Amino acid sequence: MRQLKKKLGNNLSRVQEAIASACSRSGRKGGEVTLVAVTKSVGLEVIRALIELGHVELGENRAQALVKRAAMLEELSQRAKQATLGGQDRLEALPEVRWHMVGHLQRNKVGMVLNCSGVIHSVDSLRLAEDIDIKAGKRNMTVEVLMEVNCSGESSKYGIIPAAVNHLAEQLATMTHLRLVGLMTMGPLAENPEDSRSAFVRLREILEDMHVGRYVDKTCQHLSMGTTQDYTVAIEEGATMVRVGRALFEGL
Ligand SMILES: *Cc1c(COP(=O)(O)O)cnc(C)c1O
C-alpha cells in the first residue's frame, strides 16, 4: 500500500507539474484547470490511494462502473466512520468525491448515474438531455452537464456535429433541472499530441461563437478536452478540465 501510494503520488505530481507548465506557457493560471482522474483501468485500492492523496475529481466512462465504484467508496467511508466512532482510528475517513461521467451515456442509465450526482460530460442528443432533465427533476436536483461535440469528424466518435450545437444549446436552456456548463470533445486517435490541436481549437471557437450569439450565458465556460495523449496541448488551447487516466496509473 505504501509503495503504491508513493508511485501514485509521483505520477500525480508529474501530471500536475505538466499542467502547471502548460498553463504558464500559455499565460493561464494553474487553478483554472481541473484534473479529472479517469479511473476505468484501476481497482478500488488505487482509487482509494488517490483520494487519500487528496485527489477527489474522479471520472468513469461507463455508467455501471461509475455507480459500482461510487457505492464501494461510500461503503468504505461508512466503515471508516464507524471504526472512528468505535475508538479505532486505523481507517482514514475519506473526503467527498466528485464523480464525472465522461463516456457515452445510455438513456436507461441516467437514473443510476444521477444517484451518484456529479457532472455529466457527454450529453450528445436532445433525447438524452430530456431524460436527464426529467429524472433530475424527480430527484429535486440540478445537474451540471457538458455537451459532447465531435470536432474531429471521425464517424466512430460520439458527440454532436458542430453545426447542431447552437440549436441543442437553445433547447437545453429551456430545461430547469440541468445546467449547461461547457463543451467536451475527444481528440482524434493519434500518436502525436499535435494532431489533436485543431480539434481543440475548434471546440474553443465553437464555445466563443456560442457566447457571441448568446446561445449560452456566462456560466457556460468549461472546455473538457485532453487525455493522456494530448492534455498539455488541450491546456494550451484553453481546456478547463482534462481527463487523464494512463499517465496517472502507469507503472503501479
Ligand atoms: C479513458 C478516457 C479518458 C482517459 O484516457 P487516458 O488515455 O487513459 O488518459 C478520457 N476521456 C474519456 C471519455 C475516456 O473514456
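Just so you know, ligand 1 is whichever comes first in the structure, and atom 1 is the first atom listed for that ligand. Bear in mind the structure is a predicted one, so any value in this text is a computation, not a measurement.
Closest protein heavy atom to atom 5 (O) of ligand 1: Thr227 CB, 3.8 Å. For atom 4 (C) of ligand 1, the nearest non-hydrogen atom of the protein is Arg243 O, 3.5 Å. Atom 8 (O) of ligand 1 has as its closest protein heavy atom Arg246 N, 2.9 Å.
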**Q.** Steps toward salt bridge (charged side-chain N to carboxylate O under 4.0 Å, His left out) verdict (Arg197, Glu194)
**A.** CA-CA 5 Å; Arg197 191 179 294 276; Glu194 282 301 325; 2.8 Å; yes
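Applying the 6.0 Å contact sphere to CG of Asn108 captures more than 12 heavy atoms from other residues, nucleotides or ligands.
Atom numbering of ligand 1 starts at 1 in the shown order; those under 4.0 Å from a heavy atom of Met186 are 11 (N), 12 (C), 13 (C). Distances below 4.0 Å separate heavy atoms of Asn61 from the following atoms of ligand 1: 15 (O). Taking every non-hydrogen atom of Val244 and a distance limit under 4.0 Å, the qualifying atoms of ligand 1 come out as 9 (O).
Residues Asp230 and Gly226 approach most closely at OD1-CA, 3.3 Å, considering heavy atoms. Here the shortest heavy-atom pairing between Gly111 and Arg139 reads O-NH2, 3.4 Å. Contact record, Ser122 with Gly103: OG-O, 2.5 Å, taken as the closest heavy-atom pair. Considering all non-hydrogen atoms of both residues, Leu178 and Ala129 come closest at CD2-O, 3.4 Å.
Looking only at side-chain heavy atoms (C-beta outward), Asn166 and Met210 come within less than 4.5 Å of each other.
Proximity of Thr228 to ligand 1, defined as any heavy-atom pair under 4.0 Å, is shared by backbone and side chain alike. When non-hydrogen atoms are compared, ligand 1 lies under 4.0 Å from neither the backbone nor the side chain of His121.
When Val102, Thr185, Asp230 are ranked by how near their heavy atoms come to atom 13 (C) of ligand 1, first place goes to Val102.
His222 places no side-chain N or O within 3.5 Å of a backbone atom of Met184 that could act as its donor or acceptor partner.
Within the 4.0 Å heavy-atom shell around ligand 1 one finds Lys40.
At least one N or O atom of Gly245 sits closer than 3.5 Å to an N or O atom of ligand 1.
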